Peer 1: 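Following this message is one structure expressed as structure tokens.
Remember, predicted model here, so these are calculated numbers, not experimental data. Sequence lines set the chain letters: A, B, ... in the order given, protein chains first and strands last, and positions in each chain run from 1.
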2 protein chains.
Amino acid sequence: MELERYIEVLSKAELFKGFSKDEIALMIKCLEPKVKAYQKGNYLAIAGEKFHGLGIMLEGEAAVYKENMAGNRVMMVLLKPGDVFGEILAFSTESLWPVTVEAQQPCKALFISRHKIVGECGRACPWHRKLIENMLTMVSERAIALSRKVEYLSIKSIRGKISAYLLEQYKKTGKTTFMLPMNRNALADFLNVSRPSLSREMCNMRDEGIIDFHRASVRIKDLEALKNMAQ
Amino acid sequence: MELERYIEVLSKAELFKGFSKDEIALMIKCLEPKVKAYQKGNYLAIAGEKFHGLGIMLEGEAAVYKENMAGNRVMMVLLKPGDVFGEILAFSTESLWPVTVEAQQPCKALFISRHKIVGECGRACPWHRKLIENMLTMVSERAIALSRKVEYLSIKSIRGKISAYLLEQYKKTGKTTFMLPMNRNALADFLNVSRPSLSREMCNMRDEGIIDFHRASVRIKDLEALKNMAQ
DNA sequence: CGATTTTGGTAACACCAGATACCGACATGA
DNA sequence: TCATGTCGGTATCTGGTGTTACCAAAATCG
């Protein structure tokens, strides 16, 4: 298997946190993952279809979308190499994907069945417990993220959403100037608004002297004003 | 410790699923929980304060509130004996309560530190692994529920929300005529819209012959139309 | 390099939904 | 019985947001 090339990536995956590269190489043999490659626009997982295993991104980028019945889609998160997806499904009673995962670029991902993680490989490898603990941490983080998503979605005005989002970036980086991790289209998806409306409102805020920006680079000029609008 | 009295309650908690009462009694000794009693109106946890451990309700009732930046509070869920709270926090890197938990009646709750669950008690009790798996299932289920909430919130039109809600009630009861479990005010809150707007749109749908209603009683007249609107 | 695609800003317009106010139908209670 | 409060429907007005279309700058690619 050509998985040796990806040990470096896997060692950065949350699932394997606390394991050495040598350990990971050994574990991989036991976990029997399946590697698949996708072209841009292809689906790594489709909402409503059956869950086959926990996914780990190896190369490229993919986006997780939640779609409602009319086909409107909200981007949940952008996956990069080392990122894990499907971890929520793996241990819930639900067995159908609640989201669609779409390749944003040509990409590769690896899939591990849930049974292998819990340790039904018969050999009772001692590291399964640590693996489950890692899973627990990951799922908790994901739940926190979803909770935050709910918070965003319940903000009604676009300005409120933008403010809340920028404040989060500010807290994360600790700096008033930072790069947005997505382009306008993706950000609009994420905030569940239309792209022109997002653009319009960001420009309004710039004209009012609250923020300044150019492409993906943003600078918060009036932090207090921003805080007042995050609601 | 007077925890023996509560073994019955604990045996119904999801955390201890799959364990016998005898096992639970033994585990409790190792888990070294702290029991605290609260008067009505006291706080079991306060948003923004430090997390100290996973909570399990033993007696009485408490409510989980989410507060937004403006200070408005929304009740998320009502906790009853056996219910677990803080399970998401316990294993995430986040260490501050995102919600406030307030006693609705005099109540008692038990707190277990995260270290004890993982099994740093030194004795390496064999049931820790099962305990962690239970935690994993609980957190996964919670995440799935949050994911559904996101689905609901990302519907943009009032008509879409009403349709989705009515369809859910239809699926739940299996009948086209049913009683709404809340009044208009509560329903508007739940759907995250204003009360007059909800009223207006419901009447429009009635005028169009899609539904019929009087007070809390609703009848679906055109199921297909409703499905088309649940975008 | 030039052609093509992607990205993001802008404008015009329609319309949905929030805010507010008011009213009638009921329920509750002294 | 009347007074009071709650609940829900309705009308008006306004503002925020989606839609659509177009354009310029930047990135990508042959």
Peer 1: Taking atom types as they are modelled, is there a donor-acceptor pair under 3.5 Å from the base of dG9(C) to the side chain of R195(A)?
Peer 2: yes
Peer 1: Could you tell me whether the side chain of R200(A) has a donor or acceptor atom within less than 3.5 Å of a complementary atom in the base of dA11(C)?
Peer 2: no
Peer 1: For A145(B), check side chain to side chain contact (heavy atoms under 4.5 Å, CB included) against everything at least two apart and list the hits.
Peer 2: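 Applying side chain to side chain contact (heavy atoms under 4.5 Å, CB included) to A145(B) gives none.
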Peer 1: Check whether any side-chain nitrogen or oxygen of S194(B) sits under 4.0 Å from OP1 or OP2 of dG18(C), and answer yes or no.
Peer 2: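 Affirmative; the distance criterion is met.
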Peer 1: How long is the gap from CZ on F213(B) to CE on M205(B), to the nearest 0.5 Å?
Peer 2: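 CE of M205(B) is found 9.5 Å from CZ of F213(B).
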Peer 1: Could you check whether Y43(A) and E49(A), counting side-chain N and O atoms only, form a donor-acceptor pair closer than 3.5 Å?
Peer 2: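 Side chains of E49(A) and Y43(A): no pair found under 3.5 Å.
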Peer 1: Which residues in residues 211-222 of chain B have at least one heavy atom lying under 4.0 Å from any atom of DNA chain D?
Peer 2: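 When residues 211-222 of chain B is checked for heavy atoms under 4.0 Å from DNA chain D, the hits, listed by number, are F213(B), R215(B).
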Peer 1: What is the nucleic acid contact for R159(B), judged by heavy atoms within less than 4.0 Å: base, sugar-phosphate only, or nothing?
Peer 2: nothing
Peer 1: Hydrogens and angles aside, do E14(A) and T137(A) bring a side-chain donor and acceptor to less than 3.5 Å of each other?
Peer 2: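 No donor-acceptor contact under 3.5 Å links the two side chains.
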Peer 1: With no hydrogens and no angle check, just 3.5 Å: does a side-chain donor-acceptor pair link E102(A) and Y38(A)?
Peer 2: no
Peer 1: What integer distance in Å separates N185(B):CG from dG5(D):P?
Peer 2: 17 Å
Peer 1: Look at S199(B) and dG9(D) and indicate whether a side-chain polar atom (N or O) is within less than 4.0 Å of OP1 or OP2.
Peer 2: yes
Peer 1: From CG of L180(A) over to P of dG9(C), roughly how many Å is that when rounded to an integer?
Peer 2: 10 Å
Peer 1: For I158(A) and for M202(B), find the nucleotide of DNA chain D with the closest heavy atom, then tell me which residue's nucleotide is more 5'.
Peer 2: M202(B)
Peer 1: Taking the basic N atoms (NZ, or NE/NH1/NH2) and the acidic carboxylate oxygens, is any pair closer than 4.0 Å for E208(A) and R159(A)?
Peer 2: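 R159(A) and E208(A): salt-bridged.
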Peer 1: Looking only at side chains, do S197(B) and S194(B) share a donor and an acceptor under 3.5 Å apart?
Peer 2: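 Judged by distance alone, the side chains do pair up.
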Peer 1: Output the single nucleotide from dA17(C), dT17(D), dG8(D) whose closest atom is nearest the side chain of E201(B).
Peer 2: dA17(C)
Peer 1: Nearest-Å distance, NZ (K156(B)) to P (dG18(D))?
Peer 2: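 Taking atom P of dG18(D) as the reference, NZ of K156(B) is at 5 Å.
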Peer 1: Could you state the atom-to-atom distance from CG of D189(A) to P of dT7(C) in whole Å?
Peer 2: 12 Å
